Amino acid sequence: MVFREKKMTEGRYMHYTEDIGDVCIFISMSEAFCVEASSCSGLKPNSIYFIGHGFGIYNIVDTTIHHFQAPEGAPTSFKDPYWLPPSRI
């Protein structure tokens, strides 16, 4: 479930959403972060990229999951399942 924070005069309010627009959320063993899909070629908007117990993409709008398959000969589990946030060099 994804919740969007809305600031109101009474304080902050969290409400359920099925649309995060052009945003991708990356979840792993480290701190979660967001990236605009249009800023990186190949990212799917309205999606959650996950790594840890599985490795794939969850589409929030149509509730589908795409699991990535490891190439032949590659390890099937990750010792340190972390996404690296983008940075400018």
Side-chain angles (χ1 to χ4, degrees):
M1 295 181 78
V2 178
F3 293 87
R4 185 177 296 259
E5 181 181 52
K6 185 175 183 180
K7 292 182 182 179
M8 302 176 72
T9 55
E10 303 87 30
R12 295 180 181 166
Y13 174 71
M14 303 298 284
H15 61 95
Y16 173 75
T17 185
E18 292 179 352
D19 183 7
I20 57 173
D22 185 43
V23 174
C24 299
I25 300 172
F26 288 80
I27 298 175
S28 66
M29 298 296 288
S30 62
E31 186 174 332
F33 60 91
C34 299
V35 174
E36 290 181 0
S38 59
S39 70
C40 298
S41 177
L43 291 181
K44 299 179 185 309
N46 260 323
S47 295
I48 299 172
Y49 287 73
F50 59 90
I51 188 169
H53 297 290
F55 178 36
I57 305 170
Y58 174 73
N59 184 300
I60 296 171
V61 176
D62 62 16
T63 67
T64 58
I65 298 175
H66 173 77
H67 289 278
F68 294 110
Q69 297 296 320
E72 189 173 324
T76 56
S77 64
F78 300 97
K79 180 181 176 196
D80 298 313
Y82 298 101
W83 291 111
L84 299 175
S87 62
R88 295 185 187 256
I89 297 175

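Keep in mind that what you see is a predicted model, and the values were worked out from it rather than measured.
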TODO: Measure the CD-NZ distance between Glu5 and Lys7 for me, rounded to the nearest 0.5 Å.
DONE: 6.0 Å
Open item on the list: How close do Ser28 and Pro81 get, counting heavy atoms only, and between which atoms?
Closed with: CB-O, 3.2 Å
TODO: Kindly write out the residues that satisfy side-chain contact (heavy atoms from CB on, under 4.5 Å) with His15, not counting sequence neighbours, or none if the list is empty.
DONE: Arg4, Lys6, Tyr13
- [ ] Indicate, with yes or no, if Ile20 and Tyr58 share a hydrophobic cluster defined by side-chain heavy-atom contacts under 4.5 Å among Ile, Leu, Val, Met, Phe, Trp and Tyr.
- [x] yes
- [ ] Indicate if Ile27 and Ile57 have the same hydrophobic cluster label, given that clusters are the connected sets of ILVMFWY residues with side-chain heavy-atom separations under 4.5 angstrom.
- [x] no
Task: Closest approach of Gly21 to Pro45 (non-hydrogen atoms, all atoms of both residues) - done: O-CB, 3.5 Å
Atom pairs and distances, donor-acceptor, side-chain atoms in residues 60-68, under 3.5 Å, two or more places apart:
| residue | atom | partner | partner atom | Å |
| --- | --- | --- | --- | --- |
| Asp62 | OD1 | Thr64 | N | 3.2 |
| Asp62 | OD1 | Thr64 | OG1 | 2.7 |

TODO: Kindly say whether Ser47 contributes a backbone atom to a donor-acceptor pair with the side chain of Asn59 at under 3.5 angstrom?
DONE: no
TODO: Test Phe26 against every option in Phe55, Phe50, Trp83 by the ring pair (Phe, Tyr, Trp, His ring centres under 6.0 Å) rule and name the one that passes.
DONE: Trp83
Task: Partners passing salt bridge (charged side-chain N to carboxylate O under 4.0 Å, His left out) against Glu31 (at least two apart in sequence or in another chain) - done: none
Task: ILVMFWY network linking Val2 to Val23, side-chain heavy atoms under 4.5 angstrom - done: yes
- [ ] Taking all non-hydrogen atoms of both residues into account, name the closest pair between Asp22 and Ser38 and its distance.
- [x] OD2-OG, 2.6 Å
